[in-house]
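Here the structure is a predicted model, which means the values were calculated and not measured. Residue numbering restarts at 1 for every chain, and letters A, B, ... go by the order of the sequence lines. Reckoned from all heavy atoms, side chains included, excluding hydrogens, waters and symmetry mates.
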Amino acid sequence: MILDEAWRLSPSVALRPEPFGALAYHFGNRKLTFLKRPELVRVVEQLADHPDVRSTLDAVGVPEGQHPAYAAALEGLADADMIRPRSEEDR
Amino acid sequence: MKLVEHFESGLDAPICLTWELTYACNLECAHCLSSSGRRDPRELTTEQCEAVIDELQRMQVFYVNIGGGEPTIRPDFWHLLEYAVNHQVGVKFSTNGVRITPERAAFLASPACGGYVDVQVSLDGATAEVNDRVRGPGSYDTAIRALANLRDAGFADAKISVVCTRENIGQLDAFAALAEEYGATLRLTRLRPSGRGADVWDELHPLPEQQRELYDWLMARGEGVLTGDSFFHLAAFGEALPGLNLCGAGRVVCLIDPVGDVYACPFAIHEEFLAGNVLTGGGFQRVWQDSPLFADLRSPQTGGACAQCAHYDGCRGGCMAAKFFTGLPLDGPDPECVQGYGEHSLNELSLAGARSIPAASQDHSRAVPTRNQPVLLKLMTRPPARPPVSDCAENPLAGWTP
């Protein structure tokens, strides 16, 4: 369950702010992804600052009812290596 | 607001920027969209190019598509490539392969390029016969040699970039086999009537049944095949192909030409679509964000004659450049509209004697053809009105018509 895990933005990814949210570009695999909500951008940016995804969502103010949708979005980003699991040494 | 609507109203910086580094080219392809051949003496200097890259880095334009002309014949090309990569601007460059030697291939595969470089080798026929007719004698061998050099140097995933024409649609499987052989990815794009393409479009653009063949092939075998988002007009056949499926001109794409002029899209090198120049105050960013032309392209479009069509949501009226350079109104159907409306409009205009193709506003074609000129561009030869006269003609009145 990704909500209980520790994640962070992938080091090869840059975020470019846009009116709809942000463009995420992965310099390694050259994938371009659109983060379609400003809240999602804040979540992705702050993943590394919190012990797990759930507390990140809480900190950004995402209502609990939307947690599953955000978890699905983050899993999609993980598949494209936009975000990475945080290992012990990252902490 | 849906994402596509955000794109239509324009982003703070382009997603996909094409930068033609030079109009100079060793080839004279019949359909060259930038009418390339001769170097323009006003071409941006190395320092000016570096300044553009610095600005792209600031604007977070993550990669540029570099083309020409043949970009690799600029003496500072390899320097600019490294400069861009070192400034977080990835490079995808298009080449006919002429300078992709084993040494250059090894450089491209090396850590110096850090995997930030993509190479697209242009090939418009899966056989020398089909390719060289359009791109000129020897160009097939040059491209294949480049692909072999890249593969042998361990460069992963080069692209074979094909402009789909009436003469090569039947070779799609053969192109896929070539890609397989060279460890490359196939990229298919649309022939545009831009540049010299205007002269050969009527003869080379895919026939209606070939459009269907292409669409069916992409649906069946298109996974992993890149299309540069260029076939969105085919969405009117039914299911949309992957991609943004909208005209990105001035909204999410644009072109910087060799002298720094900024055009709405790579297929629209014409004063009508000229937004400004990167050398004027404020540079590229000011042009992108403030040009009245781009503001106009980002304003809501009505769809004109196409708005009532059931397929409008799929094809969004098609390609602006294709309409402009075939003499069709911009708010009407695409000339290759799969419902046949574009062809109908073209026929009506022609019958009324009202089809006028806009004159080119610039042309860097070679004034004197070279041995590289493709067959398609051979000068028209008119049958002689009377028998030719030679120095040894016997009749003293030969060549004299009363």
Non-hydrogen atoms of [X] and [Y] that approach each other most closely:
X      : Y     : result
A/R16  : B/I15 : NH2-N, 4.3 Å
A/P17  : B/D12 : O-OD2, 4.1 Å
B/V117 : A/R30 : O-NH2, 3.5 Å

Task: Contacts of A/F34 that satisfy ring-ring contact (aromatic ring centres under 6.0 Å, His included) - sequence neighbours left out - done: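 Applying ring-ring contact (aromatic ring centres under 6.0 Å, His included) to A/F34 gives B/F7.
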- [ ] Identify which part of B/L3 has an atom lying under 4.5 Å from any heavy atom of chain A, answering side chain, backbone, both or neither.
- [x]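 Only the side chain of B/L3 comes within 4.5 Å of chain A.
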Task: Interchain contact, B/Q88 with chain A, by part (heavy-atom threshold 4.5 Å) - done: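 Both parts, backbone and side chain.
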Quick one: side chains of residues 149-159 of chain B, donor-acceptor pairs under 3.5 Å with protein atoms, not counting sequence neighbours, listed by atom name and distance.
unit_1 : atom_1 : unit_2 : atom_2 : d
B/N149 : ND2    : B/I100 : O      : 2.8
B/N149 : ND2    : B/R145 : O      : 3.4
B/R151 : NH1    : B/E181 : O      : 3.2
B/D157 : OD1    : B/T185 : OG1    : 2.3
B/D157 : OD2    : B/K159 : NZ     : 3.3
B/K159 : NZ     : B/D118 : OD1    : 3.1
B/K159 : NZ     : B/D157 : O      : 2.9

Open item on the list: For A/L15, which atoms come within 4.5 Å of any heavy atom of chain B: side chain, backbone, both, or neither?
Closed with: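 When you check distances to chain B, only backbone atoms of A/L15 fall under 4.5 Å.
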Task: Counterpart residues, side-chain hydrogen bond (donor to acceptor under 3.5 Å, both in side chains), relative to B/R286 (two or more places apart) - done: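 If we apply the side-chain hydrogen bond (donor to acceptor under 3.5 Å, both in side chains) test to B/R286, skipping adjacent residues, the hits are B/Q289, B/D290.
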Open item on the list: What residues of residues 50-63 of chain B make heavy-atom contacts with chain A at a cutoff under 4.5 angstrom?
Closed with: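 Against chain A, the residues of residues 50-63 of chain B that fall inside the cut-off (heavy atoms, under 4.5 Å) are B/M59, B/Q60, B/V61, B/F62, B/Y63.
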